[in-house]
Amino acid sequence: MSMQSARFEDLGGPQGTLNADALRADARRESFGLLALLSPGLLLVFTVIIVPIGWLFWLSLFDENGVLSAANYARFFEQASYIRTFITTFKVAFFVTGACVLLGYPLAYMLSQLPRRVASICLIFVILPFWTSVLVRTYAWLVILQRKGLISSWLIDLGVISQPLPLANNFAGVVIGMTHIMLPFLVLPLYASMKTIDTDCLRAGMNLGASPAATFRQIFFPLSLPGLASGVVIVFVLCLGFFVTPALMGGGKVIMWAMRMEQTTSLYSNWGAGAALGVVLLAVTLALLGLFQWLLGARATGVWSSR
């Protein structure tokens with residue numbers, strides 16, 4: 001018997017027992033009602049996420065001959081090309097995420113300080129790239145960055161350089177193209193987080209003698225971290241599975257795991273090896289996200305304990 005029902009019995013005798021039973025019945029009905037409301041979403045998550053991941057893991061356990069084996073996972077340690085593509089994938093993701101933070105945070109901060117009407121107009125230019133296909137934007141960057149593209153031609157005509165810059169068909173081209181595509185995914189959640197910051201907190205800091213730089217560093221920036229963390233996670237996860245831009249901007253020199261999976265399944269028809277690539281990438285990504293969440297939690301705990 002729960003403490004609440006025992007208290008009712010002590011206070012009201014049989015009447016308290018009836019009240020406790022009624023409360024428990026109401027709690028059960030509320031739980032069933034919440035479960036009924038959540039069931040469509042849970043069914044969707046199970047169908048769209050759990051089932052495909054389980055099927056992917058099941059395929060990864062079979063070799064080319066359909067025999068249950070761990071050969072697909074052992075291949076990671078036997079072939080150096082898998083390690084190179086694995087490192088390249090996370091290297092690109094880290095560089096693109098870092099570039100988006102360096103470019104996106106000042107942009108989101110500027111938008112958050114503008115009047116609402118002006119900020120809404122400026123946000124149109126942030127969202128505008130979504131109206132164009134990723135393939136079209138990637139080819140546009142190829143035209144701009146190639147050896148005879150606009151940037152190299154203009155710099156040569158101005159006398160700044162004598163030889164075209166190697167900006168396409170390499171790692172730099174992949175980072176530039178993906179940064180342009182991923183930047184709105186960081187700016188939008190970061191801007192939404194910054195707009196929720198109460199300006200009275202900033203005024204209070206200034207009234208207490210803090211300089212504008214100290215107010216930004218000690219008040220505004222910590223309060224914007226949830227939006228920054230959301231944007232970083234979105235950009236980083238999307239980069240890990242990106243295919244079109246690395247395939248075109250890399251010129252075959254920058255191979256990421258999404259490209260390796262496509263080659264394994266379509267060119268070699270080895271679905272087990274391709275599924276193993278997906279499982280390993282998913283496991284490492286979840287581990288990194290868990291570490292990132294732990295670091296954020298540890299930092300938040302340290303900030304509050306210092307206060």
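The shortest non-hydrogen separation linking Leu228 to Tyr105 is CD1-CD1, 4.2 Å. What you find for Leu111 and Cys122 is that their closest heavy atoms are CD2-CB, 3.3 Å. Between Gly231 and Pro189, the shortest heavy-atom contact is CA-CG, 3.9 Å. Between Val187 and Ala108, the shortest heavy-atom contact is O-CB, 4.2 Å. Pairing each heavy atom of Cys239 with each of Met182, the nearest pair is SG-CG, 3.9 Å. Minimum heavy-atom separation, Asn169 to Leu142: OD1-CD2, 4.4 Å.
A distance-only check finds a donor-acceptor pair linking the side chain of Thr215 to the backbone of Ser211 [under 3.5 Å]. Using modelled atom types, no side-chain atom of Thr47 and backbone atom of Leu44 make a donor-acceptor pair closer than 3.5 Å. Of the possible polar contacts, none joining the Ser152 side chain to the Lys148 backbone as a donor-acceptor pair under 3.5 Å is found. For the pair Arg147 (side chain) and Pro166 (backbone), a donor-acceptor distance under 3.5 Å is absent. A donor-acceptor pair under 3.5 Å links the side-chain atoms of Asn72 to the main chain of Phe62, judged by distance alone.
Between Met261 and Leu281 there is a side-chain heavy-atom pair separated by less than 4.5 Å. Between Leu135 and Thr245 the shortest side-chain heavy-atom distance does not fall below 4.5 Å. Counting heavy atoms from C-beta outward, Val126 and Tyr191 have side chains that stay 4.5 Å or more apart. Looking at Val279 and Leu59, their side chains never come closer than 4.5 Å, going by heavy atoms from C-beta outward. Between Leu289 and Val237 the shortest side-chain heavy-atom distance falls below 4.5 Å. Counting only heavy atoms from C-beta outward, the side chains of Thr264 and Leu277 approach each other to under 4.5 Å. By the 4.5 Å heavy-atom criterion applied to side chains, Met178 and Phe95 are not counted as neighbours. For the pair Ile127 and Leu188, the minimum side-chain heavy-atom distance is below 4.5 Å.
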Set out, in order, the CA-CA distance, both residues' side-chain angles and the distance that settles side-chain contact (heavy atoms from CB on, under 4.5 Å) for Thr265 and Asn270, then state yes or no.
CA-CA 5 Å; Thr265 54; Asn270 191 343; over 6 Å; no
Let's go through Leu107 and Leu190 carefully: what are the C-alpha distance in whole Å and the side-chain angles of both, what is the deciding distance for side-chain contact (heavy atoms from CB on, under 4.5 Å) to 0.1 Å, and is it a yes or a no?
CA-CA 10 Å; Leu107 177 59; Leu190 184 55; over 6 Å; no
Applying ring pair (Phe, Tyr, Trp, His ring centres under 6.0 Å), run through Phe292 and Phe236 and close with a yes or a no.
CA-CA 11 Å; Phe292 181 69; Phe236 184 76; 8.7 Å; no
Determine, step by step, whether Val134 and Phe242 satisfy the side-chain contact (heavy atoms from CB on, under 4.5 Å) criterion, reporting the C-alpha distance in whole Å, the side-chain angles of both residues, the deciding distance to 0.1 Å, and the verdict.
CA-CA 11 Å; Val134 174; Phe242 220 69; 4.0 Å; yes
Between Ser60 and Tyr73, does a side-chain contact (heavy atoms from CB on, under 4.5 Å) hold up when you go through it step by step?
CA-CA 8 Å; Ser60 68; Tyr73 293 98; 2.5 Å; yes
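Using a 30° and 60° split on the angle between ring planes, Phe90 and Phe86 fall in the tilted class, from 30° to 60°. Taking the six-membered ring where tryptophan is involved, the planes of Tyr109 and Phe216 are perpendicular, since the angle between them exceeds 60° and thus also 30°. Below 30°, between 30° and 60°, or above 60°: for Phe76 and Trp257 the angle between ring planes is below 30°, a parallel geometry. Relative orientation of the Trp55 and Trp271 rings is tilted, given thresholds of 30° and 60° on the angle between their planes.
Applying the salt bridge (charged side-chain N to carboxylate O under 4.0 Å, His left out) test to residues at least two apart or on different chains, the pairs with a partner in residues 190-201 are Asp200-Arg203.
Phe46 and Leu38 fall into different hydrophobic clusters, defined by Ile, Leu, Val, Met, Phe, Trp and Tyr side-chain heavy atoms under 4.5 Å apart, directly or through other members. In the hydrophobic clustering of ILVMFWY residues, with side-chain heavy atoms under 4.5 Å counting as a link, Trp58 and Ile50 come out apart. Both Val174 and Leu165 belong to a common hydrophobic cluster when Ile, Leu, Val, Met, Phe, Trp and Tyr are linked at side-chain heavy-atom distances under 4.5 angstrom. Met110 and Ile219 fall within the same hydrophobic cluster, defined by Ile, Leu, Val, Met, Phe, Trp and Tyr side-chain heavy atoms under 4.5 Å apart, directly or through other members. Leu114 is connected to Ile197 through a chain of hydrophobic side-chain contacts under 4.5 Å among Ile, Leu, Val, Met, Phe, Trp and Tyr, so both are in one cluster.
One distance of note links CE of Met256 with CE of Met259; it measures 8.5 Å at 0.5 Å rounding. The line from CG of Leu56 to CG of Leu282 is 8.0 Å long, rounded to the nearest 0.5 Å. One finds the CD atom of Gln113 at 9.5 Å from the OG1 atom of Thr199 (value rounded to the nearest 0.5 Å). Taking CD1 from Ile156 and CD from Gln163, the interatomic distance works out to 7.0 Å, rounded to the nearest 0.5 Å. The CD1 atom of Ile161 sits 8.5 Å away from atom OG of Ser153, with the distance rounded to the nearest 0.5 Å. With rounding to the nearest 0.5 angstrom, the CG atom of Leu238 is 9.5 Å from the OG1 atom of Thr97.
Taking the ring pair (Phe, Tyr, Trp, His ring centres under 6.0 Å) definition, one finds that Trp154 meets it with nothing, sequence neighbours left out.
Test Thr85, Thr89, Thr88 against Ile255 for side-chain contact (heavy atoms from CB on, under 4.5 Å) and you get one pass: Thr85.
Counting non-hydrogen atoms of neighbouring residues, nucleotides and ligands closer than 6.0 angstrom, the CZ atom of Phe220 exceeds 12 such neighbours.
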